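Here is the structure we will look at, set down as structure tokens.
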2 protein chains.
Amino acid sequence: MDAVEYFVQQWREERPDIDVEPMATIGRLSRMAALVQVRLDAVFAQHDLQSWEFDVLASLRRSGQPYSLTAGELDRTMMITSGTTTHRITRLEARGFVERVRDEDDRRVVHVLLTDAGRAVCDAVHQAHIDNERAILELMGADDRELLTRGLTALAEALGDVPPAPPKR
Amino acid sequence: MDAVEYFVQQWREERPDIDVEPMATIGRLSRMAALVQVRLDAVFAQHDLQSWEFDVLASLRRSGQPYSLTAGELDRTMMITSGTTTHRITRLEARGFVERVRDEDDRRVVHVLLTDAGRAVCDAVHQAHIDNERAILELMGADDRELLTRGLTALAEALGDVPPAPPKR
DNA sequence: CTTGTATATCTTGATATCAAGATACAGGAG
DNA sequence: CTCCTGTATCTTGATATCAAGATATACAAG
């Protein structure tokens with residue numbers, strides 16, 4: 001019996017009038033995300049990196065050359081507010097992993113550019129991070145992994161989680 | 001194509017040497033938890049409640065009479081640190097939703113007791129919250145809901161997410 | 001050109017959270 | 001009784017985050 005199953009049992013005794021079935025699924029979604037995050041953080045920490053730092057570096061890295069996105073594009077990719085993006089860029093700039101470059105044509109826009117150091121760090125951590133993710137998933141059987149992936153993909157579609165930028169231009 | 005699928009495509013072009021398959025599943029887990037949380041927060045906000053406030057009240061409520069848990073039990077149930085628990089209790093005490101009661105036998109222990117007002121608020125919000133969760137899940141087909149639930153349950157088992165207190169004593 | 005509206009980023013202030021350590025108490029060994 | 005170790009809660013300081021608003025710029029309408 002997992003933790004959420006226990007909570008469901010408690011509710012069934014205390015509130016038999018309410019069907020808490022939906023809570024079982026969504027409760028697990030939230031708890032599993034938190035538990036997995038702890039494991040991801042551990043590997044990033046071994047490389048002196050915060051999870052959010054990798055998130056920024058990886059966003060820039062996977063965008064391809066010239067490894068540059070605007071602050072607004074980072075907002076949308078990482079699902080954070082503009083204030084948080086400003087803070088993240090400032091921190092990473094201080095570590096020498098990114099640079100700010102004002103757009104010449106539209107002076108409102110800031111291009112965030114991955115430095116060579118930033119790219120090096122990102123690439124150095126990447127394989128270990130993916131291996132960690134794989135190890136987590138391999139705690140489950142292959143069939144269950146498939147169920148989970150299909151279920152989450154369906155939820156992503158249902159919630160309309162579309163790419164922030166057009167898929168290829 | 002959902003957002004994560006797009007990210008996977010980007011990686012396949014930039015890092016064809018790395019198999020980013022695990023990132024697809026875990027990336028979705030994290031994004032879906034965040035997207036769902038926004039929707040849950042919206043309903044709580046309609047009742048002038050934070051998500052974490054409901055989390056505390058509901059933990060006490062479902063524990064059954066006398067609706068009391070120790071601070072440590074709350075730590076473990078909600079997967080937060082003791083400092084955060086102290087903060088949450090203090091806030092909810094200020095709103096009159098819980099009370100602190102020192103244990104007579106073991107003076108280190110603090111019992112956190114749900115007040116009548118706290119129980120009333122919890123019960124008032126509960127049905128709306130569950131309805132909201134159900135509405136979210138019903139954006140997917142019944143088959144996909146089943147896949148998701150089974151997949152998440154398997155992950156919970158794999159990660160050893162056991163109940164914080166013994167299931168029935 | 002000027003004016004108004006929309007957009008991109010940054011600033012400010014508040015807050016939830018954590019890590020680490022402090023404090024207080026319990027319970028056993030001698 | 002005294003000491004020691006373990007445990008429960010709280011405190012402190014740092015930090016990431018958000019909401020709301022400020023600032024600067026773009027661009028269209030007249």
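On a predicted model such as this, the values are computed, not experimentally measured, just so you know. Every chain is numbered from 1, with letters handed out A, B, ... down the list of sequences.
Whole-Å rounding puts the B/His87 NE2 to C/dA20 P distance at 20 Å. Atom C1' of nucleotide C/dA26 and atom CZ of B/Arg102 are separated by 13 Å, given to the nearest angstrom. Rounded to whole Å, atom C1' of C/dA14 lies 13 Å from atom CH2 of B/Trp52. Atom CG of B/Asp106 is separated from atom P of C/dC25 by 10 Å (rounded to the nearest Å). For the pair A/Ile80 CD1 and D/dC18 C1', the computed distance is 11 Å after rounding to whole Å. As rounded to whole Å, 16 Å separates atom P of C/dT7 from atom CD of A/Glu73. Distance CD1 (A/Ile89) to P (C/dT9): 8 Å, rounded to an integer number of Å. Straight-line distance from the CG atom of A/Leu69 to the P atom of C/dA8: 14 Å, rounded to whole Å.
Considering A/Glu13, A/Glu14, A/Gln10 as possible partners of B/Arg62, the one that fulfils the side-chain hydrogen bond (donor to acceptor under 3.5 Å, both in side chains) test is A/Gln10. Here the options are B/Thr90, B/Thr77, B/Val110, B/Leu74, the test is side chain to side chain contact (heavy atoms under 4.5 Å, CB included), and the partner is B/Thr85; only B/Leu74 passes.
More than 12 heavy atoms of other residues, nucleotides or ligands sit less than 6.0 Å from atom CG of B/Asp17.
Across all strands shown, A/Asp105 has heavy atoms under 4.0 Å from sugar-phosphate atoms exclusively, and none from any base. If you check every strand for non-hydrogen atoms under 4.0 Å, B/Gly83 touches a base. A/Asp103 comes within contact range of no nucleotide atom at all, as no heavy-atom separation falls under 4.0 Å. Counting non-hydrogen atoms under 4.0 angstrom, B/Thr70 reaches the backbone sugars and phosphates but no base.
OP1 or OP2 of C/dT17 lies within a sub-4.0 Å distance of a side-chain N or O belonging to B/Arg88. In terms of phosphate contacts, B/Arg108 brings no side-chain nitrogen or oxygen within less than 4.0 Å of OP1 or OP2 of D/dC10. Between B/Thr86 and the phosphate of D/dC10, there is a side-chain N or O to OP1/OP2 separation shorter than 4.0 Å. Regarding contacts with the backbone of D/dC10, a side-chain N or O of B/Arg100 is found under 4.0 angstrom from either OP1 or OP2. The phosphate of C/dC18 (OP1 or OP2) has a side-chain N or O of B/Thr84 nearer than 4.0 angstrom.
For A/Val109, whose side chain is taken as the heavy atoms from C-beta onward, the closest listed nucleotide among D/dT9, C/dT9, C/dA16 is C/dT9.
Closest-nucleotide positions on DNA chain D for A/Gln50 and B/Ser82 were compared, and the one nearer the 5' end corresponds to B/Ser82.
Residues B/Arg28 and B/Asp2 are paired through a salt bridge, judged by an N-O separation under 4.0 Å between the basic side chain and the carboxylate. Between B/Arg134 and B/Asp131, at least one side-chain N (NZ, or NE/NH1/NH2) sits under 4.0 Å from a carboxylate O, which counts as a salt bridge.
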